[in-house]
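No hydrogens, no waters, no symmetry mates; every other heavy atom, side chains included, goes into these values. For reference, positions follow the sequence shown, starting with 1.
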Amino acid sequence: MPLGCRHWVPRRPAPLPRRAPRHRGRSLPLPVHHRVLGLEGRTGRLALRRRRPRCDGGFHEGVEERTHGGQPVESRGGGGGAGFDGRPLDGDRHHAGVLRSARHGSCGAQDNGNGINMHANARAGNLYPSILIGNNLEQLLKMDRKVKSSRIRALFNRHLASLGIPKSMHCLALRLAEEFAVSSAARSPVPLPEHAPRLTDAAFLHVALVTDNVLAAAVAVASAVRSSADPARLVFHVVTDKKSYVPMHSWFALHPVSPAVVEVKGLHQFDWRDAGVIASVMRTIEEVQRTTLDYHQRDDGSVLREYRRLEASKPSTFSLLNYLKIHLPEFFPELGRVLLLDDDVVVRKDLTRLWEKDLGENIIGVVGAHGPGRDGAAICIEKTLGDHLNFTDPEVSTPSLGLQSSRCAWSWGVSIVDLDAWRRTNVTETYQLWLEKNRESGFRLWKTGSLPPALIAFDGRVQAVEPLWHLPGLGWRMPDADLLRRSAVLHFSGPRKPWLEVAFPELRELWLGHLNGSDSFLQGCGVV
């Protein structure tokens, strides 16, 4: 190649006939042989591809920008410091000159080693990506925003789906209530009179459920009976509200779990003659009602208001039955010990060993921690106290209370309760006091729920039991298969309850396996 070729500037080609394509409603005269690369939306410039002769007889491709009016504002390409129109390139302009050449260098330009030629006199600090790269980046960012938005919508829709009660469960409650009205069998005593002495006999294994969910209670009871080595020793006490009493009674009257015994009792049927007991229960009920009202009426910003609305829409947030678990000694005054189950559990092993667990001087035995781990600290099965309580508030973090945010928390899922030891303490009064404190603080001590005040009230009176007795979180995640096989009680805590369509299919099938698929009530309402 001759040395003089390096300073050779190609002659500007003769003008060709122009056409005027329409672009966003405006005429844009362009050369016929130019090809549109893309439009840079913010600057309003149109990128065009144009070929320039190379020193060796080939062609270089360059990019020329035109405004919407069709006047050339900047041409980019190599060659002795000149653009396609013969004017020198300006390195301080919005874009540096870029030549798109995959294999050959250009006259007066240096190859950067990546197949892209940069103009020799364009300063390195002002080199920008091409319009094509910018457009691709903008499309990727737009797609990323759409993906994030769709994920948020999916989470929100899943949250809404977890709040509703399926039509099949409404149908089941209505059909059982109708059967109670027309059938004497549905109104038969539960339990039968000959089994009534078992209800207070300490020789039997007493299991309590506080629930208004007929289908969940049916699965919990059926799974416990099926897993028991001695079902005749089991006595179930189902406590429900007045609204759910009729369908609950009708179900267990028509579906006995013999040889086990089931008692169904509504809140309106407790005949407390002690004025102190009545006052204590009413204090809890009234405090829950005030808490619910104040929580909905607080106005501290639209975002927090929406968050509170979603939290309050959860069935368990202000469920009175959840708060009334603190009155187990009043519910069962003649019992000394009871095994408490949540309604969203499936029992897979015999409960006798848990029933016989020695609690020492403690009130409640629950799964909260096991270990120690490699560092000597206990490994939390559930969350920590810091996940439930606000330790930035001095009411919670005060040394006199003795709480630590890193200490393992527990849940009601499955627990063995010493009612006699409970009656000798002020746990119930402490629970009620902290309910009032949280409401008066503007819900600063914890957000919502019936568990946080229980964590405070029972602190120092909790006995840890083996982790195999409680596998929580099945409404949040799929557990390890081996852990699922070894666990005695599966707890569907979380939004994906097994009676909902959003439940994990494998876990839902496991739960449905404890229902009779040929039952006319379940088939008629589409439960199975």
Item to check | Ser441 OG to Trp446 CH2 distance, which is reported to the nearest 0.5 Å | outcome: 7.5 Å
Item to check | Pairs flagged by disulfide (SG to SG under 2.5 Å) wherever residues 463-528 is involved - sequence neighbours left out | outcome: Cys171-Cys525
Item to check | Distance-only donor-acceptor check, side chains Gln269 and Tyr245, under 3.5 Å | outcome: yes
Next on the checklist: So, taking the atom named CG in Leu445 and the one named NE2 in His388, what distance separates them when rounded to the nearest 0.5 Å?
Outcome noted: 15.0 Å
Checklist entry - With distance as the sole criterion, is a donor-acceptor pair present between the side chains of Trp499 and Ser168 under 3.5 Å? => result no
Next on the checklist: For the CG atom of Asn438 and the NZ atom of Lys447, what is their distance to the nearest 0.5 Å?
Outcome noted: 12.0 Å
Next on the checklist: Is it true that Asp343 and Thr211 share a donor-acceptor pair across their side chains at a distance under 3.5 Å?
Outcome noted: yes
Next on the checklist: Could you check whether Lys325 pairs with Asp342 (Lys NZ or Arg NE/NH1/NH2 to Asp/Glu carboxylate O, under 4.0 Å)?
Outcome noted: yes
Item to check | His327 and Thr284: side chain donor to acceptor below 3.5 Å | outcome: yes
Checklist entry - Hey, would you say the Trp422 and Phe458 ring centroids sit under 6.0 Å apart? => result yes
Checklist entry - Between Lys349 and Ser227, is there a donor-acceptor pair closer than 3.5 Å when you use the side chain of the first and the backbone of the second? => result no
Item to check | Arg348 and Leu484, any side-chain heavy atoms less than 4.5 Å apart | outcome: yes
Checklist entry - Can you find a pair of side-chain heavy atoms, one from Val238 and one from Trp251, that are under 4.5 Å apart? => result no
Checklist entry - Is the backbone N or O of Ser280 less than 3.5 Å from a side-chain atom of Gln432, with the two atoms forming a donor-acceptor pair by type? => result yes
Item to check | Derivation of the salt bridge (Lys or Arg N to Asp or Glu O under 4.0 Å) call for Arg485 and Asp482 | outcome: CA-CA 5 Å; Arg485 177 183 56 82; Asp482 184 60; 2.3 Å; yes
Next on the checklist: To check you understand the geometry: which heavy-atom pair defines the closest contact between Leu403 and Ile456, and what is its length?
Outcome noted: CD1-CG1, 4.0 Å
Checklist entry - Shortest non-hydrogen contact from Val366 to Ser411? => result CG1-O, 4.1 Å
Checklist entry - Asp230 and Ser228: side-chain donor and acceptor closer than 3.5 Å? => result no
Item to check | Heavy-atom side-chain contact between Thr240 and Leu209 under 4.5 Å | outcome: no
Checklist entry - Sub-3.5 Å donor-acceptor pair from the side chain of Ser415 to the main-chain atoms of Ile364, do we have one? => result no
Quiz: residues 259-268 side-chain donor-acceptor pairs under 3.5 angstrom, not counting sequence neighbours:
from: Glu263; atom 1: OE1; to: His237; atom 2: ND1; distance (Å): 2.7

Item to check | For Pro247, all residues meeting side chain to side chain contact (heavy atoms under 4.5 Å, CB included), sequence neighbours excluded | outcome: Ala173, Leu176, Val214
Checklist entry - Going by an N to O cut-off under 4.0 Å, is there a salt bridge joining Glu466 and Lys357? => result yes
Item to check | Flag, side chain of Asp387 to backbone of Thr384, donor-acceptor distance under 3.5 Å | outcome: yes
Checklist outcome for this item: What one should report as the nearest heavy-atom pair of Ser450 and Asn322 is OG-CB, 3.6 Å
Next on the checklist: Do Leu512 and Leu515 make a side-chain contact, defined as non-hydrogen atoms from C-beta onward lying under 4.5 Å apart?
Outcome noted: yes
Checklist entry - Side chains of Phe332 and His206: closer than 4.5 Å at any heavy-atom pair? => result no
Next on the checklist: Give me the atom names and distance for the closest heavy-atom approach of Pro498 to Ala503.
Outcome noted: CA-CB, 3.8 Å
Next on the checklist: Among Val346, Leu490, Val345, exactly one meets side-chain contact (heavy atoms from CB on, under 4.5 Å) together with Leu474. Which residue is that?
Outcome noted: Leu490
Checklist entry - Can you list the steps and then say if Arg337 with Asp420 is a salt bridge (Lys or Arg N to Asp or Glu O under 4.0 Å)? => result CA-CA 7 Å; Arg337 172 174 284 217; Asp420 289 334; over 6 Å; no
Item to check | Any donor-acceptor N or O pair under 3.5 Å, side chains His255, Asp519 | outcome: yes
Next on the checklist: Apply salt bridge (Lys or Arg N to Asp or Glu O under 4.0 Å) to residues Arg508 and Glu501 and explain how you reach the verdict.
Outcome noted: CA-CA 9 Å; Arg508 178 175 167 82; Glu501 293 296 333; 3.7 Å; yes
Item to check | Separation of Leu339 CG from Ile416 CD1 (nearest 0.5 Å) | outcome: 4.5 Å
Checklist outcome for this item: Between Pro495 and Val502 the two heavy atoms that sit nearest each other are O-CG2, 4.4 Å
Next on the checklist: Test salt bridge (Lys or Arg N to Asp or Glu O under 4.0 Å) on Glu287 and Arg290; report intermediate values, then the result.
Outcome noted: CA-CA 5 Å; Glu287 183 57 38; Arg290 284 194 293 266; 3.1 Å; yes
Item to check | Donor-acceptor pair, side chain of Thr398 and main chain of Glu395, under 3.5 angstrom | outcome: no
Next on the checklist: Can a donor-acceptor pair be found, under 3.5 Å and without considering hydrogens, that links the side chain of His249 to the backbone of Ser188?
Outcome noted: yes
Checklist entry - For the residue pair Trp434 and Pro453, what are the closest heavy atoms and their distance? => result CB-CB, 4.2 Å
Item to check | Aromatic plane relationship, Trp410 with Trp412 - under 30° parallel, 30 to 60° tilted, over 60° perpendicular | outcome: perpendicular
Next on the checklist: Can you confirm whether the side chains of Glu179 and Ser250 place a donor and an acceptor under 3.5 Å from each other?
Outcome noted: no
